[in-house]
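Heavy atoms only: backbone and side chains are in, while hydrogens, waters and symmetry mates are out. Every chain is numbered from 1 and lettered A, B, ... according to where its sequence line falls, protein lines coming before strand lines.
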Protein chains: 2
Amino acid sequence: MDKSQSKKSRDTEKKVESAAGRRFRQIYEEIRSRISLLEYPPGSRLSEEALADEFGVSRTPLRRVLFRLQSEGLLESVQGVGTIVTDISNDDLYQVYQLRMELAPLLARLSPLPITDETIAQFEDLYHQSEELIKKPTAHGYCVVNIATFHALANLTANAPLRKAMELHFYQTASIWLKSLGEDDVSQECRNLHHELRDFYHAARIRDVDALSHLWRAHTSASATRLRQKLGG
Amino acid sequence: MDKSQSKKSRDTEKKVESAAGRRFRQIYEEIRSRISLLEYPPGSRLSEEALADEFGVSRTPLRRVLFRLQSEGLLESVQGVGTIVTDISNDDLYQVYQLRMELAPLLARLSPLPITDETIAQFEDLYHQSEELIKKPTAHGYCVVNIATFHALANLTANAPLRKAMELHFYQTASIWLKSLGEDDVSQECRNLHHELRDFYHAARIRDVDALSHLWRAHTSASATRLRQKLGG
DNA sequence: TAGGATTTGTGCGTATGTATT
DNA sequence: TAATACATACGCACAAATCCT
């Protein structure tokens, strides 16, 4: 192997994304979105060929996306069987929730970003969205607001590794969360989400990241408890 | 997409690893080991074809391994250029260390495992290995003991997601750690590692996971501080 | 500026494993 | 039990991008 250091072309440092890289990211985010929005519910089977045709690429680059989702625990591929959306066990689910509860407070400890007016407006908007959600509760609408809320919170730290870890474990549990609930519970969870966002919005208005992070932890803990009571831990 | 649940073949539940899966893991661990042991130092270039020939497979399954290492931040591939071992920036390095410091105490909070006689023997062995290391300090020997120590610590929690997160961020910094140091510093770092292992061994003997986890955090913090002083933060 | 050498990215045919009939 | 259908895994040839002369 060549061990020479590359010491050239430090001129731009612009991090331009290659065409292949952009295409990868778009397909990746689309499929992950479909999983987290329950369009591909846990246990469902995906077809490499069908997805490749849909996105207008061959199986090769598409498989690269599936490998990534597989390494993140969202998919499982078995030769001769197919690619299945991971249906995480209850025990594994609790473990991920335990870790998420510990990661939440780190938002205010590791390179917290100052809360801007845009951030406050963002939480206000999400708060209003959750209000609409109560009037017309749907699993899809809940997931949309829930995911947007996560990203609003995760963007409050400048620590990239922490943000990535939070994202990884959020998406591992995002899809399974609603799957375990009935139609009545969806309505109840929408109200819970509304209360969460009211707390988040108030903490954001006084620009208190520490309060925000611990509210996040508290609500994550409450979600885990409701899940445990529902599934019987 | 087929959304039918798979409700069959729950008989064995043995999680037998497929031939492809086993080969993937072996190649993956071998290449990651070479990176973390500085056989492939940061900035060096890897050849897909050469590695494929060495492991007796085609480029396709080998690229799957490189994709995984790429997603974990250990490699970076650019079309027309090659696959380069990631040379993490100082700022990113500090961010990973910050997160590692926060993850360490979770060892005793999230599903800690009881310390067995085998665990104690393991730390005793590592302690003696570090003693030998001082007599004949080498970068390679340091890395071997350092990596083994990490796994001994990480195995003390039954929380798989936490263990995976610790592993990810450890290997992201394992290779870069010694790269920044001169020959004199290697000798000094071997002595530091010896002191760490003395502490770890004593805490293990009294079966105190909490002490162990906070000693780990303390030594990780000290490493980050020495690194900052060396590189100028 | 241009062109050739080298490397990763892509497309596709085939091999291999699984489940069903 | 055997054969068939169908899924992912693999190998190889070619396209596209970059670097160097």
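In this structure, CZ of A:R68 is placed 13 Å from P of C:dG9, rounded to the nearest angstrom. A:L75 has its CG atom 16 Å from the P atom of D:dA7, to the nearest Å. Across the protein-nucleic acid pair, A:E17 atom CD and C:dG9 atom C1' stand 15 Å apart, rounded to whole Å. Atom CZ of B:R22 and atom C1' of D:dA9 are 15 Å apart (whole Å). Going from atom CD of A:E76 over to atom P of D:dA9 covers 12 Å, rounded to whole Å. In this structure, B:L62 atom CG and D:dA9 atom C1' are separated by 14 Å, rounded to whole Å. Put simply, CD1 on B:I27 is 9 Å from P on D:dC10, counting in whole angstrom units. The CZ-P distance, from A:F55 to C:dT10, rounds to 15 Å in whole Å.
A distance of 13.0 Å separates OG in A:S36 from CD in A:Q172, rounded to the nearest 0.5 Å.
Surrounding CD of B:E49 are at most 12 heavy atoms belonging to other residues, nucleotides or ligands under 6.0 Å away.
In summary, the side chains of A:Y28 and A:E72 do present a donor paired with an acceptor at a separation below 3.5 Å, with no hydrogens or angles considered. A donor-acceptor contact under 3.5 angstrom links the side chains of B:T83 and B:S77, judged on distance only. Using modelled atom types and a 3.5 Å distance limit, the side chains of B:D184 and B:S187 yield no donor-acceptor pair.
Residue order along DNA chain C, read from the 5' end via each residue's closest nucleotide, puts A:G56 first among B:A19 and A:G56.
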Between the protein and nucleotides 5-8 of chain C, list the N/O to N/O atom pairs that are separated by less than 3.5 angstrom.
from  : atom 1 : to    : atom 2 : distance (Å)
C:dT7 : O2     : B:G80 : N      : 3.4
C:dT8 : OP1    : B:L46 : O      : 3.2
C:dT8 : OP1    : B:T83 : N      : 3.2
C:dT8 : OP1    : B:T83 : OG1    : 3.1

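The aromatic rings of A:W177 and A:Y97 are tilted relative to each other, their planes meeting at an angle between 30° and 60°.
Taking 4.0 angstrom as the limit, A:T60 places none of its side-chain polar atoms (N or O) nearer than this to OP1 or OP2 of C:dT10.
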